[in-house]
Amino acid sequence: MSGEDAPAEQQNAVDQKQETKPAEEPKAEEPKTEPAPAAAEASPAATTEKVPEEDTFTYRALVLTGYGGYDKVKLQVKKGKPVLKAGEVLVRVKACGLNFADLMARQGLYDRLPSPPVTPGMECSGVVEAVGEEVTDRKVGDKVMALNRFGLWQEVAVVPATHTFLIPEGMSFEEAAALPVNYITAYMMLFDFGNLRPNQSVLVHAAAGGVGIAATQLCNTVKDVTVFGTASASKHETISQGGVTHPIDYRTKDYVEEVRKISPKGLDIILDPLGGSDTHKAYNLLKPMGKLITYGAANMLAGQKKNLIAVAKNWYHQFSIHTLSLIQGNKSVCGFHLGYLDGETELITQVMNTILDLYKQGKVKPHIDSTWHLEQVGDAMRKMQERNNIGKVILTTEPMPEEEKKEEPKKEDKKEDKKKDDKKKDDKKKDDGKKEEKKDDKKKEEPKKEEEKKEEPSKEEK
């Protein structure tokens, strides 16, 4: 099987699985809406009473309409009030978190998201607006953060009550939306898999990202932990202030060599979101009894749309190892994927309670990079995919002010003007180049003409 075929077949297998077994994961179903009552079956008075709740209830939602670039995620208006099942709550969403998995899902590289059209979003924060039957620990008005496989990038969302967590006093909706995915991921990798202890060393890739900052803060809750963090040079000051002991610019230096200079024996824990050849490097960087926790394949993401070369390259360099090598090397390799733990409610709740306790103690705090309106989701994704963020990128459900909407076209116009200017410059360079070529040709022709003139008299003499 070639590298290009492997991800495609994996995606097809996932699609078939979703088509043949749609009833196995009821929690992940899109919220159903109540149908509008038939006019013939209800009196005019009754119809008037029900219209505001059922027929005129609308909410905005971001919808992935197909795989591809940023423009594939569109803001749409949905009609009909979502219906609650037993054990579910309706949340009026205030803020949503943007994760790297959402970027991969847009390109069809994340198998936990159903096929388009579908609303993405794995985490959000907001206020409980309604509770279903059998819900006893949530009430209308509760401020909560929610975690789900998908479907949270919209103004109202239906989730199991067990997937919600009360927001602590003093925490903003933006911070609450930034907490679940990144901090649960970092905590479970470091403590459940990594068994992090005092005086150990940890390598955190993408140390300025959401998981990177969360992991660094959690490392700092343990005494004398040395943190190596990779990030572009412009982010070093921020990650150093956040607790990274040794920042490394992965764009200009070989991070393996840099680590070896400081820690010749290697490292105790390495968190790998990259995949491919970087997983091989990570394994070789482990010291005896070291642990490699791999949790992503960011190297597959190259450009707005699926890059088959990048995908094939990642698959070709996929890390594999014989158990005998593990035994002889005294090393361990772990894999983590929060998307496949959605059924482990008790485990996730226990981890979240621990994280929230750390927040209340002031030991961890989400770092918000920027907040974008739903209308600006393309720009938000672009910022994250181009690695220009430091911390969490947040989407807010607050409607975009009219003034900002008017400014957006201006920005687009400026971009177009810039493209035109760049094209003019390129054309000018080409014209100048052609003129220079003509000059050079003329210069080459002049000596020939001189030689011909000299030859003319000699002919006449003959």
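Computed over heavy atoms, backbone and side chain alike; hydrogens, waters and symmetry mates excluded.
Between the CG atom in Asp224 and the CG atom in Asn199 there is a gap of 5.0 Å [rounded to 0.5 Å]. Between the CG atom of Leu203 and the CD atom of Glu258 there is a distance of 12.0 Å, given to the nearest 0.5 Å. A distance of 11.5 Å separates CZ of Arg382 from CD of Gln376, quoted to the nearest 0.5 Å. To the nearest 0.5 angstrom, Glu174 atom CD is 6.0 Å from Thr396 atom OG1. Of the inter-residue distances, the one linking Leu326 atom CG with Leu292 atom CG reads 10.0 Å to the nearest 0.5 angstrom. Atoms CG and CD, on Leu395 and Gln154 in that order, are 12.5 Å from each other to the nearest 0.5 Å.
Lys331 places a side-chain N or O within 3.5 Å of a backbone atom of Tyr283 that can act as its donor or acceptor partner. Between the Asp142 side chain and the Lys139 main chain, a donor and an acceptor come within less than 3.5 Å of each other. In this structure, Lys365 contributes its side chain and Gly362 its backbone to no donor-acceptor pair below 3.5 Å. At distances below 3.5 Å, not a single donor-acceptor pair connects side-chain atoms of Arg112 with backbone N or O atoms of Arg149. The backbone N or O of Glu375 lies less than 3.5 Å from no partner atom in the side chain of His373, so there is not a single donor-acceptor pair. No side-chain donor-acceptor contact under 3.5 Å links Thr119 to the backbone of Val63. At least one donor-acceptor pair under 3.5 Å links the side chain of Glu88 to the backbone N or O of Lys85. For Thr65 (side chain) and Lys72 (main-chain N/O), a donor-acceptor pair under 3.5 Å exists by modelled atom type. Using modelled atom types, one side-chain atom of Arg106 and one backbone atom of Gly68 make a donor-acceptor pair closer than 3.5 Å. Of the possible polar contacts, none joining the Thr226 side chain to the Ser201 backbone as a donor-acceptor pair under 3.5 Å is found.
Contact between Val244 and Phe228 at its shortest, heavy atoms only, is CG1-C, 4.3 Å. Scanning all heavy atoms of the two residues, the minimum distance from Thr397 to Glu155 falls at O-OE2, 3.8 Å. Here the closest non-hydrogen pair linking Lys291 and Ser332 is CG-OG, 3.2 Å. Here the shortest heavy-atom pairing between Asp342 and His163 reads O-NE2, 3.7 Å. The nearest pair of heavy atoms linking Asn389 to Asp369 is CA-OD1, 3.4 Å. Closest approach of Ala207 and Ile239 over heavy atoms only: O-CG2, 3.8 Å.
For residues 185-222, the pairs satisfying ring-ring contact (aromatic ring centres under 6.0 Å, His included) are Tyr187-Phe191, His205-Tyr255, with sequence neighbours left out.
Partner Leu196 forms a side-chain contact (heavy atoms from CB on, under 4.5 Å) with one of Asp268, Leu218, Val222, Thr221 and no other, that one being Val222.
With a 4.5 Å cut-off on side-chain heavy atoms, Leu98 and Trp153 count as touching. By the 4.5 Å heavy-atom criterion applied to side chains, Met352 and Leu179 are counted as neighbours. Looking at heavy atoms from C-beta onward, Asp192 lies in side-chain contact with Val351 at the 4.5 angstrom threshold. When side chains are defined from C-beta on, Arg60 counts as touching Leu75, because their heavy atoms get closer than 4.5 Å. Considering only heavy atoms from C-beta on, Pro168 comes within 4.5 Å of Met145 through its side chain. In this structure, the side chains of Val156 and Leu90 come closer than 4.5 Å at one or more pairs of heavy atoms. The side-chain heavy atoms of Leu103 and Gln107, taken from C-beta on, include no pair separated by under 4.5 Å. Residues Leu113 and Leu64 form a side-chain contact, since some pair of their non-hydrogen atoms from C-beta on lies under 4.5 Å apart.
Evaluation of the salt bridge (charged side-chain N to carboxylate O under 4.0 Å, His left out) rule for Arg92 yields Glu129 as partners, not counting sequence neighbours. Partners of Lys223 under the salt bridge (charged side-chain N to carboxylate O under 4.0 Å, His left out) rule, at least two apart in sequence or in another chain, do not exist in this structure.
At a cut-off of 3.5 Å, with distance as the only test, no side-chain donor of Arg387 or Ser232 sits close to an acceptor on the other residue.
Atom NZ of Lys143 sits in a sparse spot, with 12 or fewer heavy atoms from other residues, nucleotides or ligands closer than 6.0 Å. Taking a 6.0 Å sphere around CD of Glu133, one finds it holds 12 or fewer heavy atoms contributed by other residues, nucleotides or ligands. For CD of Gln76, the number of neighbouring non-hydrogen atoms (other residues, nucleotides, ligands) closer than 6.0 Å is greater than 12.
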Handout entry: Stepwise side chain to side chain contact (heavy atoms under 4.5 Å, CB included) check, Asp102 with Met384
Key = CA-CA 10 Å; Asp102 296 314; Met384 188 173 186; over 6 Å; no

Practice task
Starting from the C-alpha separation in whole Å, work towards a yes-or-no answer on side chain to side chain contact (heavy atoms under 4.5 Å, CB included) for Thr279 and Leu274.
Solution key: CA-CA 7 Å; Thr279 308; Leu274 304 175; over 6 Å; no

